[in-house]
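Within every chain, numbering begins at 1; the chains are lettered A, B, ... in the order of the sequence lines, protein sequences first and strands thereafter.
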Amino acid sequence: MTSPNITLYTAQTPNGIKASIALEELGLPYKVRQLSFKTNEQKEPWFLEINPNGRIPALTDTFTDGQTIRVFESGSILQYLVSRYDPNHLISFPPGSRESIEVTNWLFFQNAGLGPMQGQANHFHRYAPEKIPYGVARYQEETKRLYGVLDLHLADGNKEYLVGGKCTIADISTWGWVAAAGWAGVDIDEFPALKAWEERMLARPGVEKGRHVPSPHTMKEMIKDKAQMEKTLAEAKEWIKPPAGHEAK
Amino acid sequence: MTLQPITLYGHGPTRNPIKVAVLLEELGLPYVIKSIDYEKELKFEPYISINPNGRLPAIEDPNTGVKMFESGAICEYLVETYDTEGRLTYTTSPEKWLLKSWLHFQMSGQGPYWGQLFWFKFFHEEKNLTSAITRYENEAKRVIGVIDAHLTKKGGRDEVRYLVGDKITYVDLAWLTWNTVIDMMFPEGTWDWKTEVPAFAKWHLAMLERPAVQKTLGLEAFQKK
């Protein structure tokens, strides 16, 4: 195993902290470069060289051939980290094993399903310039449905983690979104097994350390504090552009 | 070793099962398509034991005993298990990692958002939710623009280029299935994508001409009933 030379390009979001939590769980050294959404830094040319999609997180590292490698998309970053730096399978299973395939199932479920849909719930519930009750309901209901799938899966056989009785990149990918349920207007108390899992994850030192990168993770406290929630919302609305008449970049 | 057919669960023109079928066809693997009834099967046993999310696609591979769900995960499984010569993938670095970046971008950035545009444009009962439609139209254009800029950088304005390395891979094909709805998202006269994003257009149209792609897209099982 060659020594890592990782720089993580990130911000305090559910996708950003996936990468830092995995890095902490693996005990890897890494540098952090925080990107500012306020100044649209994620769309600057130097960063587009690292992620052509202009989104966080992204990561660079020195590859085995001595050259720099770029990795973008949170799910891809998680797969990269365990393939290169988890030979003892601390947060993964041996490639090709049944458990490894099941981890991939849930990893893609999070990245293609839960993340995008809960993100849309955030948009229509919190940010949309026009209040569309149907839009709010559509995505909150879908988020709840997906939480229900996770809740049922965890409750079946009293699983501690999503796959094989240990914390893997599937759990790490999912945690930040479930911890932010209240921001999307979803009540986590409706999903007891998922709630217990969320707290079990939070008790892990790697999750605790990784969630505060690059700045303190205050989501859980913020959801309980209405004044703080309004303040965060007002700040976010400053850099989230309304859709009509604005070409997304 | 003679392979037994892989069962692919799908439903008519639903996009994500077709993504898997294109890859099966390209790899020359035997498969059967089983249509899942939305009302009676999708959310019930035995299907939800294969896919607890009650969505399509899922596969059952009798050759390995693997039953799995999520189209992106299935594509990774198929190339890792059956494309050992690397016809549609790279095992070298950094290509193998960049393939994963573009695959994850497809399944978290293309499919879900284009799907939302389809919903608000064609299926939702109120047809005048302009701000929602505009939101997803803009996002679809943005994603297409990212692909176009990436391929342009690689010289795609003049010749067909692919997302990673210098050959077509399973990841280009993963984007193809949703790309085929572009004319429904942007009907003639609304956005001249063939002119506006020429590198994207070249890439997309070249893939459409592949015999395995044409055969799969034309299969009876994938047509609108």
Checklist line | A/Phe63 vs B/Trp97, side-chain contact (heavy atoms from CB on, under 4.5 Å): CA-CA, chis, key distance, verdict | finding: CA-CA 11 Å; A/Phe63 203 65; B/Trp97 301 113; 3.4 Å; yes

What part of [X] is in contact with chain B, defined as an atom under 4.5 angstrom from a non-hydrogen atom: side chain, backbone, both or neither?
| X | answer |
| --- | --- |
| A/Leu107 | side chain |
| A/Leu152 | neither |
| A/Arg70 | both |
| A/Gln79 | both |

Under 4.5 Å from any heavy atom of chain A, what part of [X] do you find: side chain, backbone, both or neither?
| X | result |
| --- | --- |
| B/Ser71 | neither |
| B/Glu137 | neither |
| B/Ile147 | neither |
| B/Lys153 | side chain |

Next item on the list: Go through the steps to decide whether B/Leu103 and A/Glu73 satisfy the test side-chain contact (heavy atoms from CB on, under 4.5 Å), and finish with yes or no.
Entry: CA-CA 9 Å; B/Leu103 177 67; A/Glu73 282 286 327; over 6 Å; no

Check: When you look at CD of B/Glu39, are more than 12 heavy atoms from neighbouring residues, nucleotides or ligands closer to it than 6.0 Å?
Finding: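 Not more than 12 within 6.0 Å, no.
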
Note to self: Are there over 12 heavy-atom neighbours, none belonging to A/Lys131, within less than 6.0 Å of that residue's NZ?
What the structure shows: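 Result for NZ/A/Lys131: enclosed.
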
Next item on the list: Describe, in one word, how the ring planes of A/Tyr139 and B/Phe120 are oriented to each other, choosing from parallel (under 30°), tilted (30 to 60°) and perpendicular (over 60°).
Entry: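 Answer is tilted, since the angle falls between 30° and 60°.
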
Give me the atom names and distance for the closest heavy-atom approach of [X] to [Y].
| X | Y | answer |
| --- | --- | --- |
| A/Asn53 | B/Phe105 | ND2-CE1, 3.2 Å |
| B/Glu70 | A/Ala112 | OE1-CB, 3.8 Å |
| A/Asn111 | B/Met107 | CB-CE, 3.4 Å |
| A/Val149 | B/Pro52 | CG1-O, 3.5 Å |

[X] [atom1] to [Y] [atom2] distance, which is reported to the nearest 0.5 Å:
| X | Y | atom1 | atom2 | value |
| --- | --- | --- | --- | --- |
| B/Ser101 | A/Ile77 | OG | CD1 | 7.0 Å |
| A/His153 | B/Ile48 | NE2 | CD1 | 12.5 Å |
| B/Ser108 | A/Asn15 | OG | CG | 7.5 Å |
| B/Tyr77 | A/Thr104 | OH | OG1 | 12.0 Å |
| A/Ile101 | B/Glu80 | CD1 | CD | 8.5 Å |
| B/Leu98 | A/Ser76 | CG | OG | 8.0 Å |

Margin query: Less than 4.5 Å apart, side chain to side chain, heavy atoms only: is that true for B/Asn53 and A/Arg145?
Written below: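 Side-chain contact under 4.5 Å: yes.
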
Notebook entry, point to check: How about B/Cys75 and A/Phe108: do any of their side-chain heavy atoms sit closer than 4.5 Å?
Noted result: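 No. Closest side-chain heavy atoms not under 4.5 Å.
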
Next item on the list: Using modelled atom types only, decide if a donor and an acceptor are shared between the side chain of B/Arg135 and the backbone of A/Ala128 within a distance under 3.5 Å.
Entry: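 Checking the backbone N and O of A/Ala128 against the side chain of B/Arg135, no donor-acceptor pair under 3.5 Å is found.
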
Next item on the list: Decide, yes or no, whether a salt bridge links B/Lys67 with A/Glu102 under the criterion of side-chain N to carboxylate O below 4.0 Å.
Entry: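 Looking at B/Lys67 and A/Glu102, the cut-off is not met.
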
Check: Is it true that B/Glu126 and A/Arg138 have a side-chain N and a carboxylate O under 4.0 angstrom from each other?
Finding: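 A/Arg138 and B/Glu126: not salt-bridged.
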
Item checked: Candidate pair B/Ser131 and A/Glu130, rule side-chain hydrogen bond (donor to acceptor under 3.5 Å, both in side chains), full reasoning -> CA-CA 7 Å; B/Ser131 69; A/Glu130 179 191 350; 2.5 Å; yes

Next item on the list: Run the numbers on B/Lys100 and A/Tyr80 for side-chain contact (heavy atoms from CB on, under 4.5 Å), then give the verdict.
Entry: CA-CA 9 Å; B/Lys100 291 193 187 294; A/Tyr80 171 77; over 6 Å; no

Find the one option among [options] whose heavy-atom pairs under 4.5 Å with chain A are most numerous.
| options | value |
| --- | --- |
| B/Gly72, B/Gly145, B/Ala149 | B/Gly72 |
| B/Gln110, B/Lys96, B/Glu76 | B/Glu76 |
| B/Gln106, B/Met68, B/His150 | B/Met68 |

Next item on the list: Would you please test B/Tyr113 and A/Gln120 for side-chain hydrogen bond (donor to acceptor under 3.5 Å, both in side chains) and show each step?
Entry: CA-CA 9 Å; B/Tyr113 290 91; A/Gln120 300 320 295; 3.1 Å; yes

Next item on the list: Give the member of A/Ser83, A/Gly115, A/Gly135 that has the highest number of heavy-atom pairs under 4.5 Å with chain B.
Entry: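 Highest number of pairs under 4.5 Å: A/Ser83.
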
Check: What about A/Phe72 and B/His104, are their ring centers closer than 6.0 Å?
Finding: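 Distance test on ring centres: not under 6.0 Å, no.
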
